[in-house]
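Notes follow once the structure below has been shown.
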Amino acid sequence: DNSRTAKVATGKNPSSVVIAANNTTAFVANRADGTVVRVIGIDGGTPSVDATVDVGAEPVALALSPTGAKLFVAEMAASRVTIIDTKTMEVLESIDVDRPRALTITNNLDKNDDDETLVVTQFFGVATPGGEAKDDGRTGKVRLYSLADLSTYRSLNLAPIDSGFPKGGVAGNPTVLASPNQLSAVAVANDRVF
């Protein structure tokens, strides 16, 4: 009936939430605090924060491994992705990524996380030589990490595309190429990254 069932304070500027498969636990990233909290009891109307982890500056996105064993946190201002053990709520490791903004993890529906892929967008495209301040002067970057080995990644490079808008807004002019930039969301479906 769209009525509120509960309200719980998680921290300053909550920016992302992910719900565990058990539907009783949620994880919330608090951008201003630089924390991630675990909220339990979300199914019973009396949720509460039972654990808090300090992470890097500006955590903006969360993703859970399919088994729920690991929580991935995009720390935009810290330029890294931190991995947290969801049982102990301890940081396991971090990987350097230039201003990560969006995360998702594949799920082939088996009980093994190691055969899955972490997908991370770099918020800003990388400037091409001589391309700074030009509409087509950046290359969008998406990184693909195997959960079995987070030390290496494959890069998806997104080239500028035709915007369909004529230069100067004048009909008949050639259309403007626009760089993929400010990649703030990502999804995976049918072996494709969107």
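What you see below is based on every heavy atom in this structure, not just the backbone, and it leaves out hydrogens, waters and symmetry mates.
Once rounded to the nearest 0.5 Å, the distance linking CD1 of Ile83 with CG of Leu92 reads 7.5 Å. To the nearest 0.5 angstrom, Phe123 atom CZ is 4.0 Å from Gln182 atom CD. Distance CD1/Ile40 to OG1/Thr46: 8.5 Å, rounded to 0.5 Å. Rounding to the nearest 0.5 Å gives a distance of 10.5 Å between CG of Leu103 and OH of Tyr145. A distance of 10.5 Å separates CG of Leu118 from CZ of Arg143, quoted to the nearest 0.5 Å. Here CG of Leu64 is found 5.5 Å from CZ of Phe27. Values are rounded to the nearest 0.5 Å.
Thr82 and Glu75 are linked by a side-chain donor-acceptor pair at a separation below 3.5 angstrom, with hydrogens and angles left out of the test. For the 3.5 Å distance criterion, the side chains of Asn30 and Thr35 qualify, holding a donor opposite an acceptor.
Considering only heavy atoms from C-beta on, Val60 stays 4.5 Å or farther from Ser16 through its side chain. Taking the side chain as every heavy atom from C-beta outward, Leu183 and Leu158 approach each other to under 4.5 Å. Put simply, the side chain of Arg38 reaches to within 4.5 Å of the side chain of Thr25, judged on heavy atoms. Proximity of Val36 to Thr52: side-chain heavy atoms (C-beta onward) are nowhere separated by under 4.5 Å.
A donor-acceptor contact shorter than 3.5 Å links the side chain of Ser15 to the backbone of Pro59. In this structure, Glu58 contributes its side chain and Ala78 its backbone to no donor-acceptor pair below 3.5 Å. A distance-only check finds no donor-acceptor pair linking the side chain of Ser179 to the backbone of Asn181 [under 3.5 Å]. With Thr106 contributing its side chain and Thr117 its backbone, the two residues share a donor-acceptor pair below 3.5 Å. Remark: side-chain polar atoms of Gln122 are not paired, donor with acceptor, to backbone N or O of Arg99 under 3.5 angstrom. Judged by distance alone, with hydrogens and angles left aside, the side-chain atoms of Thr139 form no donor-acceptor pair with the main-chain N or O of Asn157 at under 3.5 Å. Remark: the backbone N or O of Lys12 is paired with a side-chain donor or acceptor of Asp33 at under 3.5 angstrom. A donor-acceptor pair is defined here as one N or O able to donate and one able to accept, closer than 3.5 Å; such a pair exists between the side chain of Asp110 and the backbone of Asn112.
Heavy atoms only, all atoms of each residue included: Arg80 and Pro100 are closest at O-CG, 3.4 Å. Closest heavy-atom contact between Asp54 and Val91: O-CG2, 4.4 Å. Nearest heavy atom pair, residue Val28 against residue Pro14, reads CG1-CB, 3.8 Å. Heavy-atom minimum distance, Ala185 versus Thr121: O-CG2, 4.1 Å. The minimum heavy-atom distance linking Pro160 with Arg138 is given by the pair CG-O, 3.8 Å. Ala29 approaches Leu62 most closely through the heavy-atom pair N-CD1, 3.6 Å.
Checked against Thr67 for a side-chain hydrogen bond (donor to acceptor under 3.5 Å, both in side chains), the options Asn107, Thr86, Asp113 give a single hit: Asp113.
In the hydrophobic cluster analysis, where Ile, Leu, Val, Met, Phe, Trp and Tyr join through side-chain heavy atoms closer than 4.5 angstrom, Val97 is grouped together with Tyr153. Under the 4.5 Å side-chain heavy-atom criterion for ILVMFWY residues, no single connected hydrophobic cluster contains both Leu147 and Val119. By the criterion of side-chain heavy atoms lying less than 4.5 angstrom apart, applied directly or through intervening Ile, Leu, Val, Met, Phe, Trp or Tyr residues, Val81 is not grouped with Leu144; the two fall into different hydrophobic clusters. Hydrophobic clustering of Ile, Leu, Val, Met, Phe, Trp and Tyr side chains at less than 4.5 Å, counting indirect connections, keeps Phe72 apart from Val55. Placement of Val39 and Ile19 within a single hydrophobic cluster is found when ILVMFWY residues are connected by side-chain heavy-atom separations under 4.5 Å, directly or transitively.
Other residues, nucleotides and ligands place no more than 12 heavy atoms under 6.0 Å from the NZ atom of Lys70.
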Inset, instruction - Quick one: do Asn108 and Glu116 satisfy side-chain contact (heavy atoms from CB on, under 4.5 Å)? Show the steps, please. - result: CA-CA 7 Å; Asn108 63 9; Glu116 304 299 344; 2.6 Å; yes
